[in-house]
Amino acid sequence: MSSVSVVHHTIVLSVRISLFIFCRKFLLDALYRNLRSLSYAGNGPMEATQSGLAHPSDNEMELEGLPRTVSSRNTEGRPKPAGSMSTSSIASFARGIFPQRQDSNSSVQANLARSVFALCFEEGCILFLLVMCQALNILDGRTRRTHWIGSLFVLVFLVIVFIPLVQCLLFTYRAGSRTKSSIGSRIVYTGVPFLLYLFAFSYVPLPRNLAPSGIFTNAVARMTVLGTLILGLLSGFGAVSTAWSFQPFVDTSNIVTEKDVNQAAASLTRVRADLVERQREAQQTESSEPSSGWFPTNFFKQS
């Protein structure tokens, strides 16, 4: 491997790490903060309780607030030691990205979900950047191909294997049960729906023009078919629902009254008056400007 390839691989790996840290530390914190603000309707739990806004009205449903992140619990609930300013900023930053203390199973699940989301976000951005590098011919072709295959493999593994497996594990996990189930029963409870999912996924039809290939290519093709189908369904549903909402026999509550007709007529009159005024100003401007010669005016009029 040449020194140029080593530099290119180092650049791509640095971009990967930077994107992961950005999503894990900053982007998810902003999204989580927005979700908490929506959950509390713009007020924190303590402020809402003190101001009397914690109790919703009769027509509203009270939503449970989102749990605090592990980093916020570790920093808000304990006093800072006297020598906290002398600690390394790099170590504290790393603890904020990957908190070491896990208070409960919910914190473990939250950290796992945040890490998986950050990894998917980072791999998707890497694929986009590799496409841009291919168009601009920035990196070495072998380096682009290696990282392209690696990112595709990671995304396929996360989307097809890891995320459905964790979902099956969470759906079959009995959090409120006092009796601890054995490892064998947990594997059976998780494996049965996961195997059913893989069996159903294997029956997703492949494109007709696809040449016989391996498992990885077939998995990517099946993901493409499912993604295209889902996007088509969403687009069709949005188009049909939008067109259906404008049908006169669907919603009879919006009946056109005389007031609506008068408002529309007044708006049309104002638009026409404004158009006439602008045309008059344009004619006055043209008549006030002297002609510079025959060639510019007649040439552009003919063209």
Side-chain angles (χ1 to χ4, degrees), residues 19 22-23 26-45 47-48 51-66 117 120-121 124-136 138 207 223-303:
L19 288 173
F22 170 76
C23 182
F26 300 104
L27 181 61
L28 281 175
D29 287 346
L31 294 175
Y32 203 84
R33 192 179 302 110
N34 293 333
L35 290 176
R36 288 191 64 188
S37 63
L38 291 175
S39 175
Y40 294 125
N43 293 318
E47 290 81 2
S51 60
L53 299 177
H55 302 285
S57 60
D58 297 336
N59 297 327
E60 296 179 354
M61 180 178 62
E62 183 178 2
L63 298 177
E64 183 180 358
L66 293 174
F117 179 81
C120 292
F121 174 82
C125 291
I126 287 295
L127 290 177
F128 176 75
L129 291 177
L130 290 176
V131 171
M132 298 300 296
C133 292
Q134 173 70 23
L136 300 176
I138 294 179
M223 285 179 57
T224 305
V225 171
L226 288 178
T228 305
L229 178 62
I230 292 173
L231 288 178
L233 290 176
L234 292 176
S235 301
F237 178 77
V240 171
S241 62
T242 303
W244 188 262
S245 62
F246 284 97
Q247 295 297 327
F249 55 83
V250 175
D251 190 6
T252 58
S253 60
N254 297 327
I255 301 176
V256 179
T257 60
E258 186 178 358
K259 181 179 179 181
D260 298 332
V261 175
N262 294 332
Q263 290 179 354
S267 300
L268 181 60
T269 304
R270 288 194 299 269
V271 170
R272 289 178 175 177
D274 183 67
L275 181 60
V276 171
E277 181 68 22
R278 289 179 182 273
Q279 290 178 351
R280 186 178 60 82
E281 292 178 357
Q283 292 176 358
Q284 291 178 358
T285 304
E286 291 179 357
S287 60
S288 61
E289 292 180 355
S291 178
S292 59
W294 174 86
F295 176 76
T297 56
N298 290 277
F299 180 78
F300 289 107
K301 285 183 180 179
Q302 292 177 2
S303 61

* Structure fact -> CG (Asn262) and OG1 (Thr257) are apart, to the nearest 0.5 Å, by 8.5 Å
* Asked: Sequence neighbours excluded, which residues qualify as side chain to side chain contact (heavy atoms under 4.5 Å, CB included) partners of Arg280?
  -> Glu277, Gln284
Can you give the donor-acceptor pairs under 3.5 Å from side chains of residues 223-238 to other protein atoms, not counting sequence neighbours?
unit_1 : atom_1 : unit_2 : atom_2 : d
Thr224 : OG1    : Val220 : O      : 2.8
Thr228 : OG1    : Thr224 : O      : 2.8
Ser235 : OG     : Leu231 : O      : 2.9

* To do: Would you mind listing every salt bridge (Lys or Arg N to Asp or Glu O under 4.0 Å) that reaches into residues 255-273, with sequence neighbours excluded?
  => none
* Structure fact -> Sorted by chain and number, sequence neighbours left out, side chain to side chain contact (heavy atoms under 4.5 Å, CB included) with Cys23 holds for Leu27, Leu28, Phe117, Ala118, Phe121
* **Those residues that, when tested against Gln283, pass side chain to side chain contact (heavy atoms under 4.5 Å, CB included) (two or more places apart)** => none
* Please list, chain by chain and in numerical order, all residues satisfying side chain to side chain contact (heavy atoms under 4.5 Å, CB included) with Phe128, sequence neighbours excluded. => Met132
